[in-house]
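The chain is numbered in sequence order, starting from 1. Below, all heavy atoms of this structure are taken into account, side chains as well, without hydrogens, waters or symmetry copies. Predicted, not measured: the structure shown is a model, and the values here were computed from it.
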Amino acid sequence: GIRDRSPSRGLGDVYKRQAYWQPTSGNPAWDAEQSCRHEAFQKVISGVQTNMECSYATAQFVQAWIKKKEKNALKKAKKPFRRYPVTVRMLDEVRRGLDLDRDDDVVRWTAVCTGSLFLLRGGEYLAHDGTGFDLPKVLRGADVTFWKEGVMASDYHDAEEVSIRIRSAKADVFNAGTSRNHFRSGTDVCVVKMMIMLRDRFPERFTDDAELPLFRLKNGDPLFRSEVQGMVQVAAADVGMDRTRFAVHSLRIGGACALLHAGFSIEIIQRWGRWASNAFQAYLWESADDARGVAAKMVASRGSLTVTRQL
């Protein structure tokens with residue numbers, strides 16, 4: 001049997017004697033055979049509890065171990081791909097599909113503007129499907145401040161600037177929180193204008209209910225990631241893009257790309273998005289306009305090399 005004296009080693013020996021199931025080998029006959037062997041191995045594992053030489057703790061270990069192996073195999077079989085960024089054109093399409101006379105659509109559009117312009121992670125302002133809001137992190141009315149000429153606005157309708165407090169984040173190793181601000185953009189994609197409109201529709205979310213998650217629908221239901229993702233994917237299809245390449249995170253990626261194309265440095269983008277490493281550069285996509293004038297500058301260089309001057 002599988003003895004409790006060395007669970008990891010014993011299970012490893014048994015596991016190596018089994019041909020592990022490969023979900024997508026491309027060969028139906030091979031897949032069928034491997035699936036059968038996998039099923040047999042599962043029965044062996046599930047029968048460990050009845051073996052007198054194996055403790056219940058080892059049986060539990062076995063169950064967790066095989067699930068981890070399955071998860072890793074499926075992860076490797078899934079081909080990774082880079083998410084596309086949401087563009088300003090796509091944001092315009094999202095806005096076009098909403099009616100701001102409806103309270104729920106005000107919530108939706110404010111959330112989209114906030115997530116995109118502040119480069120927020122989904123869990124920092126939206127509810128996770130199945131689990132709800134991440135309460136220690138999610139944006140609340142208490143985290144939003146309206147400003148005019150550098151001081152808190154006495155009348156939020158006159159605000160020219162809005163700031164948010166991000167209380168906690170994945171890369172916030174000191175749990176110190178972060179503040180970010182934006183001024184009016186003068187367009188429909190304006191977080192200041194939309195926060196003012198949201199406060200007009202739901203004033204209690206900035207006063208009595210200020211400690212609750214901000215982005216809730218009129219009936220109190222959370223605004224879920226899946227709903228925002230659906231809006232983004234419909235907008236992607238409307239502009240002729242592959243909708244499967246977009247998710248909620250595409251709003252954050254799109255914000256980073258917009259900063260890049262606006263001429264901001266990599267260091268500013270990293271700080272604005274609160275990334276702890278350079279891994280965020282995988283999110284950055286070039287714009288065709290970035291290459292405008294580059295060729296002319298490259299061929300305009302007529303200087304001589306110092307090495308040829310023997311310096």
Side-chain angles (χ1 to χ4, degrees), residues 24 68-91 94 111-131 133-139 143 163-182 189 191 215 224-226 228-229 231-233 235-236 241-291 294:
T24 53
K68 182 178 179 181
K69 287 291 185 179
E70 289 174 341
K71 183 178 179 180
N72 290 341
L74 290 172
K75 185 176 181 180
K76 290 179 180 180
K78 183 178 179 181
K79 184 179 180 181
F81 60 86
R82 291 171 67 191
R83 294 287 184 189
Y84 285 159
V86 170
T87 63
V88 175
R89 184 183 172 196
M90 288 176 58
L91 291 175
V94 173
V112 169
C113 290
T114 303
S116 176
L117 295 176
F118 283 112
L119 278 66
L120 296 182
R121 298 176 177 91
E124 293 170 349
Y125 66 110
L126 300 174
H128 297 281
D129 292 78
T131 58
F133 287 113
D134 188 347
L135 294 178
K137 296 180 180 179
V138 71
L139 187 68
D143 301 318
S163 66
I164 64 171
R165 178 72 175 172
I166 305 167
R167 293 174 293 149
S168 179
K170 181 173 67 173
D172 185 8
V173 295
F174 300 108
N175 288 321
T178 311
S179 291
R180 291 288 183 267
N181 67 306
H182 265 306
V189 187
V191 71
F215 294 119
F224 287 104
R225 293 174 63 109
S226 58
V228 174
Q229 177 170 311
M231 293 190 295
V232 168
Q233 290 181 337
M241 302 288 285
D242 180 2
R243 60 184 295 158
T244 64
R245 299 295 295 269
F246 293 87
V248 168
H249 207 61
S250 296
L251 289 167
R252 178 168 162 84
I253 298 171
C257 290
L259 286 173
L260 177 67
H261 303 153
F264 290 94
S265 68
I266 293 295
E267 291 77 15
I268 291 295
I269 298 171
Q270 183 173 3
R271 288 184 61 83
W272 192 261
R274 298 165 289 120
W275 281 288
S277 71
N278 288 327
F280 77 97
Q281 295 204 39
Y283 295 149
L284 301 180
W285 295 81
E286 293 75 16
S287 167
D289 285 340
D290 292 342
V294 172

field: Stepwise side chain to side chain contact (heavy atoms under 4.5 Å, CB included) test for Tyr84 and Val232
entry: CA-CA 11 Å; Tyr84 285 159; Val232 168; over 6 Å; no

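- Nearest heavy-atom pair across Pro136 and Ser168 is O-CB, 4.0 Å.
- Under the ring-ring contact (aromatic ring centres under 6.0 Å, His included) criterion, the residue pairs touching residues 247-267 are His249-Tyr283, with sequence neighbours excluded.
- Between Ile166 and Leu139 there is no side-chain heavy-atom pair separated by less than 4.5 Å.
- What you find for Arg274 and Ala169 is that their closest heavy atoms are NH1-CB, 3.4 Å.
- Partners of Asn181 under the side-chain hydrogen bond (donor to acceptor under 3.5 Å, both in side chains) rule, at least two apart in sequence or in another chain, are Glu161.
- Nearest approach of Gln233 to Phe246, heavy atoms of both residues: NE2-O, 3.0 Å.
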field: Steps toward side chain to side chain contact (heavy atoms under 4.5 Å, CB included) verdict (Ile266, Leu284)
entry: CA-CA 10 Å; Ile266 293 295; Leu284 301 180; 3.7 Å; yes

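- Scanning both residues, Trp285 and Cys257, for their nearest heavy atoms gives N-SG, 3.3 Å.
- The two residues His128 and Arg225 have their closest heavy-atom pair at ND1-CD, 3.6 Å.
- In terms of the salt bridge (Lys or Arg N to Asp or Glu O under 4.0 Å) criterion, Arg83 has no residue partners (sequence neighbours excluded).
- In terms of the salt bridge (Lys or Arg N to Asp or Glu O under 4.0 Å) criterion, residue partners of Arg121 (sequence neighbours excluded) are, by chain and number, Glu124.
- Take Phe224 and apply the ring pair (Phe, Tyr, Trp, His ring centres under 6.0 Å) test, not counting sequence neighbours, and it matches no residue.
- The ring pair (Phe, Tyr, Trp, His ring centres under 6.0 Å) check on Trp272 picks up His182, with sequence neighbours excluded.
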- request: Apply side chain to side chain contact (heavy atoms under 4.5 Å, CB included) to the pair Leu251 and Leu91, showing each step before the final yes or no.
  value: CA-CA 9 Å; Leu251 289 167; Leu91 291 175; 4.0 Å; yes

- prompt: Can you check side chain to side chain contact (heavy atoms under 4.5 Å, CB included) on Leu120 and Ile164, steps first, answer last?
  reply: CA-CA 11 Å; Leu120 296 182; Ile164 64 171; 4.1 Å; yes

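- The two residues Val94 and Ala235 come nearest to each other via the heavy atoms CG2-CB, 3.6 Å.
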